[in-house]
Novice: 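What follows is a single structure, and I will ask about it in a moment.
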Amino acid sequence: MIENLVIVESPAKAKTIEKFLGKDFRVVSSFGHIRDLAKKNLGIDVEKNFTPNYEIPKEKAKVVSELRKAAAESKHVWIASDEDREGEAIAWHLVNVLKLDLDSTKRIVFHEITKEAITAAIENPRLVDMNLVNSQQARRILDRLVGFEISPVLWKKVQPSLSAGRVQSVAVRLIVEREREIISFKSESSFRITAGFLTEKGSDTTLLLRSEASKRFQGENEALEFLEVCSKSDYSVANVTVKPGTRSPAPPFTTSTLQQEAYRKLSFSVAQTMAVAQKLYEAGRITYMRTDSTNLSQLALGKAKEVISSEFGEKYSRTRQFATKTKGAQEAHEAIRPAYLDNPSVAGSLNEKKLYDLIWKRTIASQMADAEIEKTTITIGMNNSPVTFLAVGEVIKFDGFLKVYSESNDADNGDEDKDIIPPVKKGMPLWYENITATQKYSAPPPRYTEASLVKKLEELGIGRPSTYAPTISTIQNRGYVSREDRPGEKRLIKILALQKGKIAATTKTEVAGKEKSKLFPQDIGMIVNDFLTENFIEIVDYNFTAGVEEQFDEIALGNLKWTGMLQEFYAPFHKTVTATLEKKERKTGVRVLGNHPETGEPVTVRMGRFGPVAQVGDTSNEGKPRFASLSKNQLLETITLKEALDLFRLPRSLGEHDGGEMVVGVGKFGPYIRYKSKFYSLKKGIDDPYSVTVERALEIINEKNESDQKKVINDFGDIKLLNGRYGPYLSKDKLNYRLPKGTDAEKLTKEDCIQIIESSDKTKKSS
DNA sequence: CAGTGAGCGAGCTTCCGCTTGACTT
């Protein structure tokens, strides 16, 4: 018999706490929730006041039986799940499942895993808070109602296997609406004037004062006129201002900010960041990685001060506590920080080292002094124009936290080259070295990255630290959005340069619209989004979650009955579901693009059974419609009549050659040439299936055949010895076999090969 | 590996939030 059993959520936490509590305490973990609404059907009796049907999921059976055994062997059970809505519900489910007494089972909470905090918690136990539990039940049931009532409507009205939910549908909506802003965006160009000034006439040794004109010019003619004015002007320093300023460090990491910075500084995907952080947590290197709090424990604050003072000196230390501003934050944990702040680095994989380094620097910097900056602004006046030039420079007087860490910005483009500002005084004459007018195009709003989407969701109070990464996976797995790169397009920019009284015009090319790892909506995502905004606008409203969260808070305070709140929500919601199901039409995203220029048949695009499809003609007048799949990167929403008609030009024949027909088409894996029942891929970015010539086709075919020949080391009929990416291997019946290490492939006989294949088959079967 | 689109229709899909392994390539 054990005296005390303490149940926490995480096994890593259990291990740590057991050390603090001594031998009278055994600490075990529930591994999160142990019960949930029944997986099949709704799992809620709507008629009977939303009575939930809770079940222990199969994968939790083992954990639960172990917990039951441990509870039976202990005199006292303490429940130490996290101090938030979900943690309270876990406590309540544990009381039920372990058949404990709700009115006497001790519930304890702590925000930081230190001996002091845990001892204090043990001394101040309370009971399970049923108001908080009920607010979780309301949250859980509302999410189930929304997801399990709307999704089947999508199966009927749009496509099978689709899904909708309070969180995922808003995430998709954000991406779709951003794309539409980009589609309708009209880029405008203007001319930006930059100049370099000399402090001494005709010298090239004096420092250059780089500056930008206070005005931009719309057209090329206006820019040219201004440069002509410039060529006749005298210049002098009109004003110099020097302003001191400070910069403060960012708060320590939460899940969301860690995901954003790891994306910007380390190019980690959101899921990758969480996987690496999990490893560090399990190894005891960092505190818990799913948190919305920026709080640091007293212990950590003290240690940070010590580390900073000894490493950088006392004047670099400044103890700070950051208030969490995030909407709906529950702050059950500390911020993400190193478990031991005196370890600036850890052992582990390269990615673990990198992420730890980021966390260490961010935490330490958050406890350091402000940086002191001196900002100098120089205004340069002209004697024949009201336009002024501005030169701005910054000098860091005291680096403070910048010694360790500076936060990245989403719009980091790094084109601010920081020059040293030469010493100038008001009234000093200046001479221009060059004045340049450069054409600049206004940019559309940026597409979301995984990390910037998480940031946006957090701002809206939608989703939780434990769900950001899974939500992003879900909307990609459903095919609603896709993470993609785009090469961008070249465009010309005009440049007018004034030097030594002469104006020269040149052009430069720049690449616009280049994208890397951005979230693009897919046709099905846009169709589902439109369907939801037309029929369930209240659910996909950006403020829906914030609204219900307010009510959950009222339930938690005991001011609102949870079943009543659900009734208020469900009655009108369910009515909408029924009404939507009764509507006849399905949503296919159909667009009529026009008529075929020769036959006059209608040309349409829509979502078909196998994806987006273009159709020429219809079944009226006994006609037989023709179909063609849209290609990747084409959207139902933006495809033009001409682009749709082009799809029907494939497959096309290039004619006969040496007794076989060459046919060009576009398949699942891109454009190809089919010749003598073999396939040859066209080169990406070089060949175009619509215009590829006979000569080029033969070249591609020969190239591929030659490299295929080099691939074959030996051909024994049904068994082939081939050269692959990882060296020689065997191929038989479409299966590949590795050669034993140290084998000389050239010397293998057919018998050797048969033996290798047989022995490898055996190991495969036995495993 | 390289393409589908007639119509019928059994049985399946689905939510959010809390936690980690146990699987295979």
Side-chain angles (χ1 to χ4, degrees), chain A residues 8-14 29-37 39-44 57 59-60 62-63 81-82 84-91 93 136 139-156 159-169 274-275 278-279 281-282 288-290 330 332-333 462-471 474 477-478 539 545 548 588 604 606-616 618-619 624-629 650-651 663-674 677-682 689 734 767:
Chain A
V8 297
E9 292 183 38
S10 149
K13 200 167 165 181
S29 146
S30 76
F31 294 81
H33 274 294
I34 53 158
R35 266 202 328 191
D36 191 18
L37 294 173
K39 268 204 172 67
K40 293 250 164 159
N41 307 324
L42 196 57
I44 303 158
E59 62 273 17
K60 287 287 174 174
K62 200 175 154 210
V63 176
S81 46
D82 297 344
D84 56 17
R85 200 160 64 198
E86 298 297 327
E88 205 65 17
I90 290 174
H93 283 300
Q136 191 274 348
R139 197 282 304 157
R140 179 67 191 94
I141 289 169
L142 179 129
D143 281 338
R144 173 58 73 88
L145 290 170
V146 168
F148 275 37
E149 292 219 354
I150 300 185
S151 297
V153 179
L154 292 177
W155 305 341
K156 278 206 138 164
Q159 231 175 50
S161 303
L162 297 174
S163 66
R166 175 176 57 82
V167 174
Q168 60 169 281
S169 296
M274 294 314 283
Q278 177 86 30
K279 284 267 179 230
Y281 170 66
E282 283 167 12
Y288 197 57
M289 64 283 156
R290 289 186 275 264
Q330 310 205 5
H333 306 275
I462 298 173
R464 303 279 309 130
S466 66
T467 59
Y468 295 137
T471 299
T474 299
N477 290 340
R478 295 271 173 279
I539 304 294
T545 292
V548 291
T588 62
T604 57
R606 66 184 158 83
M607 183 56 76
R609 276 201 295 164
F610 311 111
V613 67
Q615 178 176 348
V616 174
D618 52 35
T619 46
K624 263 205 175 164
R626 282 147 16 241
F627 300 96
S629 292
L650 295 176
V663 178
V664 186
V666 176
K668 206 174 176 180
F669 312 103
Y672 64 88
I673 302 161
R674 197 176 68 223
S677 65
K678 269 182 84 177
F679 289 90
Y680 303 86
S681 289
L682 294 188
K734 293 190 174 176
S767 64

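In the text below, chain A, chain B and the rest are named by the order of the sequence lines, each starting its count at 1.
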Novice: Flag the pair A/K13 and A/D82 as a salt bridge only when some basic side-chain nitrogen lies within less than 4.0 angstrom of an acidic carboxylate oxygen.
Specialist: yes
Novice: Ignoring backbone atoms, establish whether A/T467 has a side-chain N or O less than 4.0 Å from OP1 or OP2 of B/dC16.
Specialist: no
Novice: Across the strands shown, which category fits A/G665 at heavy-atom distances under 4.0 angstrom: base, sugar-phosphate, nothing?
Specialist: nothing
Novice: Between A/A12 and A/R139, just flag the one whose closest nucleotide in DNA chain B comes earlier from the 5' side.
Specialist: A/R139
Novice: Would you indicate which nucleotide in B/dT13, B/dC16, B/dA2 comes nearest to any side-chain atom of A/W155?
Specialist: B/dT13
Novice: Please test A/E59 against A/K39 for salt bridge (Lys or Arg N to Asp or Glu O under 4.0 Å), starting from the C-alpha separation and ending with a verdict.
Specialist: CA-CA 12 Å; A/E59 62 273 17; A/K39 268 204 172 67; 3.7 Å; yes
Novice: Between atom CG in A/D82 and atom C1' in B/dT20, what is the gap in whole Å?
Specialist: 15 Å
Novice: If you look at every strand shown and take non-hydrogen atoms under 4.0 Å, does A/I150 touch a base, only sugar-phosphate, or nothing?
Specialist: nothing
Novice: Tell me: CD1 of A/I90 to C1' of B/dT19, nearest whole Å?
Specialist: 8 Å
Novice: Start with the C-alpha gap between A/K60 and A/D36, add the side-chain angles, then the distance that decides, and say whether salt bridge (Lys or Arg N to Asp or Glu O under 4.0 Å) holds.
Specialist: CA-CA 10 Å; A/K60 287 287 174 174; A/D36 191 18; over 6 Å; no
Novice: Base, sugar-phosphate or nothing for A/S681? Non-hydrogen atoms, less than 4.0 Å.
Specialist: base
Novice: Considering every strand and a 4.0 Å limit on heavy-atom distances, what is the contact class for A/R478: base, sugar-phosphate, or nothing?
Specialist: sugar-phosphate
Novice: Given B/dC16, B/dG21, B/dA2, which nucleotide is nearest the side-chain atoms of A/F679?
Specialist: B/dA2
Novice: Could you tell me whether A/Q615 contacts a base, only the sugar-phosphate backbone, or nothing, with contacts defined as non-hydrogen atoms closer than 4.0 Å?
Specialist: nothing
Novice: Does B/dC15 have OP1 or OP2 under 4.0 Å away from a side-chain N or O of A/S163?
Specialist: yes
Novice: How many angstroms lie between atom OG of A/S10 and atom CZ of A/F31, to the nearest 0.5 angstrom?
Specialist: 8.5 Å
Novice: Would you name the heavy atoms of A/T619 and A/P625 that are closest together and state the gap between them?
Specialist: CG2-CD, 4.0 Å
Novice: So, is A/T619 near the phosphate of B/dA6, with a side-chain N or O under 4.0 Å from OP1 or OP2?
Specialist: no
Novice: Does A/R144 have a side-chain nitrogen or oxygen under 4.0 Å from the phosphate oxygens OP1 or OP2 of B/dG17?
Specialist: no
Novice: Could you tell me the separation between the CZ atom of A/F627 and the C1' atom of B/dG3, rounded to a whole number of Å?
Specialist: 14 Å
Novice: Please classify the nucleic acid contact of A/Q136 as base, sugar-phosphate, or nothing, using heavy-atom distances under 4.0 Å.
Specialist: nothing
Novice: Among B/dA6, B/dG17, B/dC16, which is the nearest nucleotide to the side chain of A/H33?
Specialist: B/dG17
Novice: What nucleotide among B/dG5, B/dT20, B/dC15 has an atom nearest to a side-chain atom of A/P11?
Specialist: B/dT20
Novice: Starting from C1' on B/dC18, measure out to CD on A/Q278 and report it in whole angstrom.
Specialist: 12 Å
Novice: Which part of the nucleic acid, if any, lies within reach of A/A164 when heavy atoms closer than 4.0 Å are counted: base, sugar-phosphate only, or nothing?
Specialist: sugar-phosphate
Novice: Could you check whether A/Y281 gets within reach of a base, just the sugar-phosphate, or nothing at all, counting any heavy atom under 4.0 Å?
Specialist: sugar-phosphate
Novice: For A/Y468 and B/dC16, give me the distance from atom OH to atom C1', rounded to whole Å.
Specialist: 13 Å
Novice: Return the 5'-most residue of the pair A/R609, A/K13 with respect to DNA chain B, ranking by each residue's nearest nucleotide.
Specialist: A/R609
Novice: Indicate whether A/F610 forms a stack on B/dT4; treat it as stacked only if centroid distance is below 5.5 angstrom and interplanar angle below 30 degrees.
Specialist: yes
Novice: Counting only side-chain N and O atoms of A/Y288, is one of them less than 4.0 Å from OP1 or OP2 of B/dT19?
Specialist: yes
Novice: Within this structure, what is the CZ-CD distance for the pair A/R85 and A/Q330, rounded to the nearest 0.5 Å?
Specialist: 5.0 Å
Novice: B/dT20, B/dT13, B/dT14: which one has an atom nearest the side-chain heavy atoms of A/F148?
Specialist: B/dT14
Novice: Are any of A/Y672's side-chain N or O atoms less than 4.0 Å away from OP1 or OP2 of B/dG3?
Specialist: yes
Novice: Tell me: CE of A/M289 to P of B/dG17, nearest whole Å?
Specialist: 16 Å
Novice: Check whether more than 12 heavy atoms from other residues, nucleotides or ligands sit under 6.0 Å from atom CZ of A/R35, and answer yes or no.
Specialist: yes
Novice: Can you tell me how far P of B/dC15 sits from NZ of A/K39, to the nearest Å?
Specialist: 12 Å
Novice: Under 4.0 Å, counting only non-hydrogen atoms across every strand here, what does A/T545 touch: a base, just sugar-phosphate, or nothing?
Specialist: nothing
Novice: Using a heavy-atom cut-off of 4.0 Å across all strands, would you classify A/G463 as base, sugar-phosphate, or nothing?
Specialist: sugar-phosphate
Novice: How long is the line joining NZ of A/K60 and P of B/dG17, in whole Å?
Specialist: 17 Å
Novice: Any base atoms under 4.0 Å from A/G165, or only sugar-phosphate, or nothing? Heavy atoms, all strands.
Specialist: sugar-phosphate
Novice: Considering only B/dT14, B/dC18, B/dG5, which nucleotide approaches the side chain of A/R464 most closely?
Specialist: B/dC18
Novice: Is the ring pair A/Y288/A/H333 parallel, tilted or perpendicular, if the boundaries are 30 and 60 degrees?
Specialist: tilted
Novice: Please tell me if A/S466 has a side-chain N or O lying less than 4.0 Å from either OP1 or OP2 of B/dC18.
Specialist: yes
Novice: Looking at every strand, decide which applies to A/V613 at a 4.0 Å heavy-atom threshold: base, sugar-phosphate, or nothing.
Specialist: base
Novice: Reckon A/R140 has a side-chain N or O less than 4.0 Å from the OP1 or OP2 of B/dG17?
Specialist: no
Novice: With sugar-phosphate meaning primed atoms plus P, OP1 and OP2, does A/S629 contact a base, only sugar-phosphate, or nothing at under 4.0 Å between heavy atoms?
Specialist: base
Novice: Between B/dC18, B/dT19, B/dC16, which nucleotide gets closest to the side-chain atoms of A/R166?
Specialist: B/dC16
